[in-house]
Enquirer: 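Dropping the structure in here first, questions after.
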Amino acid sequence: MFRILFAAGMPLALAACTATGGPADFMPDNSPADPAIGIRSTHHHTVLDGYTHRVAVEPKPWRQQNDSQAPGGGDGS
């Protein structure tokens, strides 16, 4: 039993001891507080871009709608 635990635990222990990259490996090169960086330019667009006004219509008979969209073009089969 000890050999199985040792065989499973040894790779985990060795992996914990490996050298990992420091913060410089994943941190940005510039500081967000640096005033020399500047601000990205953005553009304004309204929330309603692409909106199309649609008026409510009266419902049509559902049987006729189904028949017209059925395979065969509503031949009544």
Side-chain angles (χ1 to χ4, degrees):
M1 181 70 179
F2 180 70
R3 289 183 183 176
I4 295 173
L5 291 177
F6 181 75
M10 186 56 97
L12 294 174
L14 290 175
C17 296
T18 59
T20 59
D25 291 342
F26 58 87
M27 295 291 288
D29 292 337
N30 48 16
S31 171
D34 188 6
I37 294 175
I39 300 173
R40 282 193 313 189
S41 63
T42 59
H43 67 282
H44 174 74
H45 62 279
T46 64
V47 180
L48 301 176
D49 279 347
Y51 171 73
T52 304
H53 179 69
R54 298 179 189 221
V55 181
V57 296
E58 291 294 320
K60 295 181 181 177
W62 64 269
R63 171 89 50 182
Q64 182 183 3
Q65 292 288 336
N66 285 346
D67 289 343
S68 68
Q69 294 180 12
D75 56 4
S77 57

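Values below: every heavy atom of this structure, side chains too, minus hydrogens, waters and symmetry copies. Note that the structure is a prediction, hence the values are computed from the model and not measured.
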Enquirer: Is there a side-chain contact between T46 and H44 (heavy atoms, below 4.5 Å)?
Expert: yes
Enquirer: Could you state the interatomic distance from CG (L12) to CE (M10), rounded to the nearest 0.5 Å?
Expert: 10.5 Å
Enquirer: Linking I/L/V/M/F/W/Y whenever any side-chain heavy atoms sit under 4.5 Å apart, do L14 and L5 land together?
Expert: no
Enquirer: N66: which residues meet the side-chain contact (heavy atoms from CB on, under 4.5 Å) condition with it, sequence neighbours left out?
Expert: W62
